[in-house]
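Letters A, B, ... mirror the listed sequences (proteins, then strands); counts begin at 1.
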Number of protein chains: 2
Amino acid sequence: MTKRNEDPREEARGHLEKFGSEILENIKNTDPPRVKVPSRSTSNIVYDEEERYYTLADKKSTRTAANMRQVKKFAQTLCAADFCKDLITSGKTATLREMYYTSEGWPTGGFSSQDRSDRIVEDIESAFGVKREDLGLLPEEDGASIFGELVVEESGMEVKATEAGRAGYTIPPTMGDVEFVACGAERVLAVETMGMYHRLVQEEAWDDYNALVVALKGQPARATRRFLKRANEELGLPIYLFTDGDPFGFHIAMVVISGSAKLAYINHELAIPDAQFVGVTASDIEDYELPTDKLRDSDIKRLKQLLEDPRYKDEFWQKEIKKMLSLEKKAEQQAFSKYGLEYVVEDYLPKKLDLK
Amino acid sequence: MTKRNEDPREEARGHLEKFGSEILENIKNTDPPRVKVPSRSTSNIVYDEEERYYTLADKKSTRTAANMRQVKKFAQTLCAADFCKDLITSGKTATLREMYYTSEGWPTGGFSSQDRSDRIVEDIESAFGVKREDLGLLPEEDGASIFGELVVEESGMEVKATEAGRAGYTIPPTMGDVEFVACGAERVLAVETMGMYHRLVQEEAWDDYNALVVALKGQPARATRRFLKRANEELGLPIYLFTDGDPFGFHIAMVVISGSAKLAYINHELAIPDAQFVGVTASDIEDYELPTDKLRDSDIKRLKQLLEDPRYKDEFWQKEIKKMLSLEKKAEQQAFSKYGLEYVVEDYLPKKLDLK
């Protein structure tokens, strides 16, 4: 187990304080205060072939208090940074929604919509390369459920992921506050649906496979992606992704692997290029004669887009996507229950995970 | 704490076995096998003024193997009952989706769509007055998160809801398997959003209010409603519901209180007529000068429907709905952060809960 170097919230506070000091320095020198923010526009988002995830290129824009059109936004950025510094200092967190409402009491006045206050947060995240969670800002969504031989510590509680109930240990939105204490598992098996999660817990697959079983619950929350990244880096566990055999399932897996374009500014903290897809493929549909649904027009359109996407350019994906298009069929991960409830646990997954 | 009389899964098995015996008896007597199923059509759903929730009236239809148009469906009902009996006997559970796929291997052949297999399950539930969860069928959705002085037992694990992590103890879909071991709380405070849940946990409101804090996560899952019902009946705790001040928030609260029309056949296990709404009202919008959003056309339409709904016929609701229509505004539960993050915990809720 590799220990993390520094408390990420303290690191974030360091960035905010440095930001504040620079502005004071600017003012002392009668320089207009300013901040450089990487551009998050489509033209500045690139797929980094070496890192194997989406990242931002070098284009930056400067926000300055000397520009009348930017001065209010600049002041709001300072207020937001101050709000975050207070959160970190008091050990608290707030949702983006709460920050939006709190801003009604700021000297700058509030925002006209939450979109605008969210964008200020993204500015701060990308300017300093810190995650909003480490700034004390809490995503609304629940993290994944985990079952298996893992012990974590958070807020002074030690929690065993086999003793938090059958629904498992739930990853808190503030994954940065969680410390890994002990781990007896050798791999992580992350699955798309709660149905499959409960199947794996019930059949004790977490024990048989020596795995942490993680329920992604569809498109995974940021906290879940951060958990998987840290399990991969700090615990050294390989990550396996078991999703439905359809364009959405592929997308869920690929966002974990290579990050999304939208979060390009923070993918270095989230993307796991070595995570492995063990989801349902077009070949599985044929080999296992799975019950299927017909591809919809929107599925066909999406699959054709994936064929052109740099993240899907290797041979495996090209072959499977083309095969799915020719079959005109998709299949869900629960479709294996055609052969009995245990089949997916006893036959399909051990083969995919090279356990038999 | 009131103990439950019987294991609900054993009770469900009793119903299934009796059903099987009756059919064998029919066959011995060369009577056509049949089953009576209460009608779930709109005309048979009534609001029971005495019980204060939606329930089914007396109309029943008879499914019989002697009718060529019903014989396949009748046989599928038998197969589904057999599938459920096996689940109960083996102590397993399956999702509705898994049952749908498993049916491909039944002597009757599979269903043309999951809607049809789901309806068979509803037939069995309403014919015998048992919940699908007790038949071993697992809803897909996650239950709520709970934080507070509660100890439960499930699958031989004892779980303390203050020691399962900050995200709390998650109610499993099979709420029927959970036993209450100990409870130090005096009330349940159920809130609409995870954001408000984390605020209450962070400010230690669960301790100050002596409450179990429950995150409904929008429209609550069946397992959550069952938890609230059992906390009310078995633990004798009053239930308070804190939602947004908008038609959806009112609906979320009212479904907990009086049940939904759709689940009329099972509301006796879910509805909590004495649960109290402490959500944001139109009066609160005025009294607290809350940040608001303008009502949409769909909100206005919905509010007008609620005025005619028997569940909202008392003076409080009529007054608040009319006032909201005249203000043309709605407000979220997080809007109190206008006065600081702690305000909702230190001022608003203690007043609503009569704690100060």
Applying a strict 4.5 Å limit to non-hydrogen atoms, the region of Glu203(A) in contact with chain B is side chain
Atom group of Thr93(A) that falls short of 4.5 Å from chain B, counting heavy atoms: both
Applying a heavy-atom distance below 4.5 Å, give me the residues of residues 212-226 of chain A that approach chain B, sorted by number. Lys217(A)
Proximity of residues 331-341 of chain A to chain B, residues having a non-hydrogen atom under 4.5 angstrom: Glu332(A), Gln334(A), Ala335(A), Ser337(A), Lys338(A), Leu341(A)
Return the CG to CD1 distance between Asp246(B) and Ile285(B), rounded to the nearest 0.5 Å. 9.0 Å
Do we get Arg166(B) above Phe147(B)'s six-membered ring, with its NZ or CZ under 6.0 Å from the centre and within 45° of the axis? no
Atom NZ of Lys160(A): over 12 foreign heavy atoms under 6.0 Å: no
Taking the six-membered ring for Trp, are Phe242(A) and Tyr348(A) ring centroids under 6.0 Å apart? yes
How close do Val345(B) and Tyr209(B) get, counting heavy atoms only, and between which atoms? O-OH, 2.5 Å
Under 4.5 Å heavy-atom distance to chain B, tell me which part of Glu98(A) shows up: side chain, backbone, both or neither. both
Nearest heavy-atom pair of Gln114(A) and Arg97(A): which atoms, and what distance? OE1-NH1, 2.5 Å
Nearest heavy atoms of Met157(B) and Gly165(A), plus distance in Å: SD-N, 3.6 Å
Are any of the side-chain nitrogens in Lys330(B) or Asp299(B) under 4.0 Å away from the carboxylate oxygens of its partner? yes
Positive for side-chain contact (heavy atoms from CB on, under 4.5 Å) with Met99(B), one of Leu135(B), Leu137(B), Asp118(B), Leu87(B): Leu137(B)
Any ion pair linking Glu328(B) and Arg296(B) (charged N to carboxylate O, less than 4.0 Å)? no
Side chain / backbone / both / neither for Thr102(A) at chain B, heavy atoms under 4.5 Å: both
Return yes if a side-chain donor-acceptor contact under 3.5 Å exists between Thr281(A) and Asp284(A), otherwise no. yes
Applying a strict 4.5 Å limit to non-hydrogen atoms, the region of Met194(A) in contact with chain B is both
